[in-house]
Amino acid sequence: MSEAVEHHERDLLDQAIAERGVIAVPSMSSHAVLNVAGQLDAPVVPMENLARFRTPYPWLAEKGRFIQIACVDRRWLFP
């Protein structure tokens, strides 16, 4: 995950991961990640559009549970 973060922000990300404020998961089944996030009542910041999962995971529509991001011109945007 650190490779997708600007160089000057890597220390912040590493600290957040060490303090368990951010949990980075390896590439795996979206269903597995969503099952764990649902159990932990955690927000999800995916690298893909997970709108297709809103039927089996209705909590994704709750405010603050699904945070979309996009990388445009090497900058992370939160639309």
Check: Arg65 side chain, Val44 main-chain N or O, donor-acceptor pair, under 3.5 Å: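 Flag not set: sc Arg65 to bb Val44 has no pair under 3.5 Å.
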
Set of residues satisfying side-chain hydrogen bond (donor to acceptor under 3.5 Å, both in side chains) with respect to Asp11, sequence neighbours excluded: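 Partners of Asp11 by the side-chain hydrogen bond (donor to acceptor under 3.5 Å, both in side chains) criterion come out as none, since no residue qualifies.
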
With sequence neighbours excluded, residues passing side-chain hydrogen bond (donor to acceptor under 3.5 Å, both in side chains) with Glu19: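 For Glu19, the residues satisfying side-chain hydrogen bond (donor to acceptor under 3.5 Å, both in side chains) (neighbours in sequence not counted) are Gln15.
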
Residue pair Gly64 / Pro43: nearest heavy atoms and the distance that separates them: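 In terms of heavy atoms, the two residues are closest at O-CB, 3.2 Å.
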
Would you tabulate the side-chain donor-acceptor contacts of residues 53-62 under 3.5 Å, counting partners in other chains and residues two or more places apart, or write 'none'?
residue: Tyr57; atom: OH; partner: His31; partner atom: O; Å: 3.4
residue: Tyr57; atom: OH; partner: His31; partner atom: ND1; Å: 3.0
residue: Tyr57; atom: OH; partner: Asn35; partner atom: OD1; Å: 3.1

